[in-house]
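Working notes, structure below.
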Amino acid sequence: MMRISFHVSMSISEEEAIPELEIDVDELLDMPSDIERAARVKDLLVDCFKPTEDFISELLDKIRGMQKLSTPQKK
């Protein structure tokens, strides 16, 4: 299983704890569509006050690349 951990800053003050966010890439790879993957990541980032669209788009691009690598090549 592959997990990616992100530190999501939820406040400007560095004195407050920064929550850790884990995104289970295997879970995303098992989902049938990018729409479902994007919805799952949006759910995980619900407490993030910064824009997340670019992050989600880049993450989905990387996941599509991982799917191509894991798909057996036919000869």
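Along the sequence shown, residues are numbered consecutively beginning with 1. In what follows, every heavy atom counts, from backbone to side chain, and hydrogens, waters and symmetry copies are set aside.
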- Between atom CG of L45 and atom CD1 of I23, what is the distance when rounded to the nearest 0.5 Å? 5.5 Å
Got a list of side-chain donor-acceptor pairs under 3.5 Å for residues 29-40, not counting sequence neighbours?
| residue | atom | partner | partner atom | Å |
| --- | --- | --- | --- | --- |
| S33 | OG | E36 | N | 3.2 |
| D34 | OD1 | R37 | NH1 | 2.8 |
| D34 | OD2 | R64 | NH1 | 2.2 |
| R37 | NE | L28 | O | 2.7 |
| R37 | NH2 | M31 | O | 2.6 |
| R40 | NE | E27 | OE2 | 3.0 |

- Task: Working to the nearest 0.5 Å, report the span between OG1 of T52 and CG of L59.
- Result: 11.0 Å
- Message: Minimum heavy-atom separation for L44 and L21, please, with both atom names.
- Response: O-CD1, 3.6 Å
